[in-house]
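These notes are about the structure you will find just below.
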Amino acid sequence: MIIVLFGPPGCGKGTQAKRIEANSSMIQLSTGQMLRDAIEAKTEIGLRVKESMAAGNLVDDETVIEMLAARIQEPDCVNGFVLDGFPRTIPQAEALDEMLGRQDLKVDVVVQIAVDDEALIARMAGRFSCVKCGEGYHDTYKPTKVAEICDCCGGKFFGRRPDDSAESVGNRLEAYHRQTEPLLPYYNSRGSLIPINGLAEMNEVEKEIKAALDAA
Ligand code: AMP
């Protein structure tokens, strides 16, 4: 199955994609994570996108499309995947349909996780994650059980994304409304869109998504 998790930055796409991956044979494909890895590895792409990504702007279509097209050819994608953060523009959605079509595949379901801007700002402002295992936390909603020790791996070092700063969050939401939201009618007209209330508690959102996928 090929699933698109659709929604604004901070709506919980990453968390839910990881949960689907843990409970199925599908893998999570996060273009944001691929770009962060490229920045960390100081590749040509990483060096090129670092500044504009930190400012909260979208990376150009050509770069992300090429990156994703190469990634879905890898063997671990054969049992299906959950796209987390792609597509984010109409040209990306069209390119995705085309690259899947060449392999007789298609997007099976688009899950729209709906959250309003106010809640998103509060969520992103408090996010941090364990440097060692990547587990995500939040200052208010999901602190570590023991102060400054990762619940999952015992790690003691945590990081915050540079694009979770107040200024970048504003840019990311603006980019979402202007460039990504127009994808809703695109997928709605194809009958593949399933809306989910992303304001609910994480386990509840997970249940709703599971029910939607089982019914698809
Ligand atoms: P995310 O981890 O999905 O929140 O993405 C973090 C950042 O990576 C975004 O704010 C963009 O700068 C960049 N990015 C990730 N996916 C895409 C995409 N599909 N198109 C353009 N930029 C992207």
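Atoms within a ligand are numbered from 1 in the order they appear, just like the ligands themselves. The basis for the numbers below is simple: all heavy atoms, side chains too, and nothing from hydrogens, waters or symmetry mates.
At least one heavy atom of Arg36 lies less than 4.0 angstrom from ligand 1.
Here Leu58 has heavy atoms under 4.0 Å from ligand 1 in both its backbone and its side chain. Under 4.0 angstrom from ligand 1, the non-hydrogen atoms of Gln92 all belong to its side chain. Only the side chain of Arg161 comes within 4.0 Å of ligand 1, judged by heavy-atom distances.
Atoms NZ and CD1, from Lys210 and Ile196 in turn, are 12.5 Å apart once rounded to the nearest 0.5 Å.
When only non-hydrogen protein atoms are considered, atom 13 (C) of ligand 1 lies nearest to Leu35 CD1, 3.6 Å. Scanning the protein for heavy atoms near atom 8 (O) of ligand 1, the closest one is Met53 CE, 3.4 Å. Scanning the protein for heavy atoms near atom 12 (O) of ligand 1, the closest one is Asn57 O, 2.6 Å. Of the protein's heavy atoms, Thr31 OG1, 2.8 Å lies nearest to atom 16 (N) of ligand 1. Among protein heavy atoms, atom 1 (P) of ligand 1 sits closest to Arg88 NH2, 3.5 Å. The closest protein non-hydrogen atom to atom 22 (N) of ligand 1 is Val59 N, 3.0 Å.
Here Lys142 pairs with Glu135 in a salt bridge; the nearest charged N to carboxylate O distance falls below 4.0 Å. A salt bridge is absent between Asp164 and Arg123: the closest approach of a Lys/Arg side-chain nitrogen to an acidic carboxylate oxygen does not fall below 4.0 angstrom.
Ring geometry, Phe6 versus Tyr176: the interplanar angle falls from 30° to 60°, so the pair is classed tilted.
Judged by distance alone, the side chains of Ser168 and Arg161 never bring a donor and an acceptor atom under 3.5 Å apart.
Checked by atom type and distance alone, the side chain of Lys13 never pairs as donor or acceptor with a backbone atom of Gly85 at under 3.5 Å.
Between Asp163 and the options Arg172, Lys50, Arg127, a salt bridge (charged side-chain N to carboxylate O under 4.0 Å, His left out) holds for only Arg172.
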